Peer 1: 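Below you'll find the structure I mean.
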Number of protein chains: 2
Amino acid sequence: MSRPVAKPVRRADARQNVEKILEAAIACLGRDPSTSAIQIAECAGVGRMTLYGHFPSREALVEAALTRLLDKGDQVLEGVDLTGDAPAALCALIESSWLLIAQSSAVLEAAQATLPPTRVRDLHAKPEQRVNNLIARGQAEGAFRDDLPRTWLASVLHYIIKGAATDVASGRLDPTVAPRFISETVLAAYAPAPSEERSTGR
Amino acid sequence: MSRPVAKPVRRADARQNVEKILEAAIACLGRDPSTSAIQIAECAGVGRMTLYGHFPSREALVEAALTRLLDKGDQVLEGVDLTGDAPAALCALIESSWLLIAQSSAVLEAAQATLPPTRVRDLHAKPEQRVNNLIARGQAEGAFRDDLPRTWLASVLHYIIKGAATDVASGRLDPTVAPRFISETVLAAYAPAPSEERSTGR
DNA sequence: GAGAACTCGTACATGGCTATACGAATTAGA
DNA sequence: TCTAATTCGTATAGCCATGTACGAGTTCTC
């Protein structure tokens with residue numbers, strides 16, 4: 001009875017199919033959070049039953065896709081140096097992962113429609129923390145404005161990234177200029193109030 | 001047969017029901033763009049069949065709701081003085097109609113899922129223009145930054161308003177402080193490059 | 001090469017939303 | 001008051017998505 005789910009070895013093609021399905025799910029849900037399991041399956045190039053063979057329900061699939069996406073994002077952010085000058089670090093963060101963040105937002109939206117809210121919060125708490133810390137540090141150093149709460153500043157970043165991603169997806173915005181627009185806008189929005197010239201760090 | 005739709009007089013209660021349905025549609029779709037016609041009907045306090053008696057399809061209902069909402073927004077903006085100092089005008093615009101704009105965005109999202117894209121564009125072209133003109137004027141006067149395209153600046157405004165509205169709806173953001181946050185953030189984002197210290201109003 | 005794992009089609013039950021048709025009860029308006 | 005407009009329940013049909021069951025064919029893995 002000590003092995004309820006233990007399938008230690010899976011056939012190679014099976015694992016490969018799981019991979020294809022997850023990638024397709026991320027792509028599809030990133031485009032439209034309400035994509036059906038059928039569409040994801042055919043987008044992955046597998047039969048619908050294969051999908052249900054690997055994921056017991058659409059809910060499980062969405063959760064798996066979100067988890068993978070957040071892990072991927074976490075890895076990317078791991079490789080970005082966020083310790084230096086706060087504005088520069090924010091810029092680097094945006095440059096390196098705005099698309100990933102945008103995708104995550106969309107998949108997260110899909111998750112919110114099907115998963116219990118607590119589960120969702122748990123899943124994306126960690127990556128969220130990275131951004132939060134950076135903003136907090138910037139505020140403490142006087143590089144970012146202090147007259148608006150950190151949570152709001154973080155939200156603004158997400159709003160803009162998500163909006164830009166939507167417009168890029170629908171062809172209204174050129175993806176090559178998007179990161180620059182985002183960075184310049186967010187940095188300006190985060191800038192300390194100009195009236196009183198605080199000693200802005202260095 | 002020369003009068004296919006001509007119903008010159010409608011009974012008072014009928015018109016009143018149409019009113020209730022439209023208001024309910026705006027409220028429901030503003031909260032969740034995928035609200036079903038059934039939910040809208042019971043939210044309006046009328047039977048489902050009454051709804052179909054007044055609107056031939058859900059699509060027609062969505063279009064009617066969007067049209068009414070945009071008209072309402074247009075009226076509100078009509079009463080706002082946008083001719084003075086550009087930042088102040090933008091601030092007044094946000095203060096007076098951020099909630100309306102947010103609702104419009106949500107209903108517009110519902111419309112995009114059911115209406116032909118051209119129709120949607122046509123409908124909200126006019127209110128959009130008001131914001132665009134204000135931004136253009138601000139740029140021309142040097143009150144707003146010029147290094148980012150006007151369309152992008154307008155988009156940013158929408159991103160933030162829509163995001164804030166979502167967070168207010170889900171209880172993550174206090175509705176009483178939201179307009180202030182939005183205004184201060186957008187004004188900072190729109191500010192001209194900081195190197196030259198313009199006298200930014202007060 | 002043989003057995004097991006895996007794929008995937010078909011079929012089916014379920015549930016939700018849209019939309020139509022019919023008809024009875026209600027109600028406004030003259 | 002009387003008539004016609006209006007409401008609104010029920011029934012019906014179609015479409016689509018989810019999820020389960022069965023079974024035959026294919027392909028890995030030993």
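Naming convention: chains lettered A, B, ... in sequence-line order (proteins, then strands); numbering from 1 in each chain. Please read these numbers as outputs of a predicted model, since none were measured by experiment.
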Peer 1: Taking atom P of D/dG9 as reference, at what distance in whole Å does atom CG of B/Leu51 sit?
Peer 2: 13 Å
Peer 1: B/Tyr52 has a side chain; which of C/dA28, D/dT18, C/dT18 sits nearest to it?
Peer 2: C/dT18
Peer 1: Given 3.5 Å as the limit, does a donor-acceptor pair link the side chain of B/Thr50 with the main chain of B/Val46, or not?
Peer 2: no
Peer 1: Output yes when at least one side-chain N/O atom of A/His54 is less than 4.0 Å from OP1 or OP2 of C/dT7, else no.
Peer 2: yes
Peer 1: Can you tell me the distance, in whole Å, between the CD atom of B/Glu42 and the P atom of C/dG16?
Peer 2: 13 Å
Peer 1: Output yes when at least one side-chain N/O atom of B/Asn17 is less than 4.0 Å from OP1 or OP2 of D/dT6, else no.
Peer 2: no
Peer 1: Tell me which of B/Pro56 and A/Arg15 sits closer to the 5' end of DNA chain C, going by the nucleotide each one is nearest to.
Peer 2: A/Arg15
Peer 1: Output yes when a side-chain donor or acceptor of A/Tyr190 lies under 3.5 Å from a complementary backbone atom of A/Leu153, and no otherwise.
Peer 2: yes
Peer 1: Starting at atom NZ of A/Lys20, determine the distance to atom P of C/dC8, rounded to an integer number of angstrom.
Peer 2: 7 Å
Peer 1: Which nucleotide wins on minimum distance to the side chain of B/Met49, given the candidates C/dT18, C/dA21, C/dC8?
Peer 2: C/dA21
Peer 1: Of the listed nucleotides (D/dC8, D/dT7, C/dC6), which one gets closest to any side-chain atom of B/Ala14?
Peer 2: D/dT7
Peer 1: A quick test of your reading: do over 12 heavy atoms of other residues, nucleotides or ligands sit less than 6.0 Å from CZ of A/Arg121?
Peer 2: no
Peer 1: Could you check B/Ala37 against B/Asp13 and say which one's nearest nucleotide on DNA chain C is further toward the 5' end?
Peer 2: B/Ala37
Peer 1: For C/dT18, does OP1 or OP2 lie under 4.0 Å from any side-chain N or O of B/Arg58?
Peer 2: yes
Peer 1: Side chain of A/Arg11, heavy atoms from C-beta onward: which of D/dT6, C/dA4, C/dG9 has the nearest atom to it?
Peer 2: C/dA4
Peer 1: With a 3.5 Å cut-off and just heavy-atom distances, do the side chain of A/Arg48 and the base of D/dA17 make a donor-acceptor pair?
Peer 2: no
Peer 1: Give a yes or no on whether the backbone of B/Ser36 and the side-chain of B/Gln39 come within a donor-acceptor separation of less than 3.5 Å.
Peer 2: yes
Peer 1: Parallel, tilted or perpendicular: which one describes the rings of B/Trp152 and A/Phe181, with boundaries at 30° and 60°?
Peer 2: tilted
Peer 1: B/Phe55 CZ to C/dC17 P: how many Å, rounded?
Peer 2: 20 Å
Peer 1: Nearest-Å distance, CD (A/Gln39) to C1' (D/dT18)?
Peer 2: 14 Å
Peer 1: I need the CD-P distance between B/Gln16 and C/dG29, as an integer number of Å.
Peer 2: 10 Å
Peer 1: Can you measure A/Ile38 atom CD1 to C/dG9 atom C1' for me and round it to whole angstrom units?
Peer 2: 14 Å
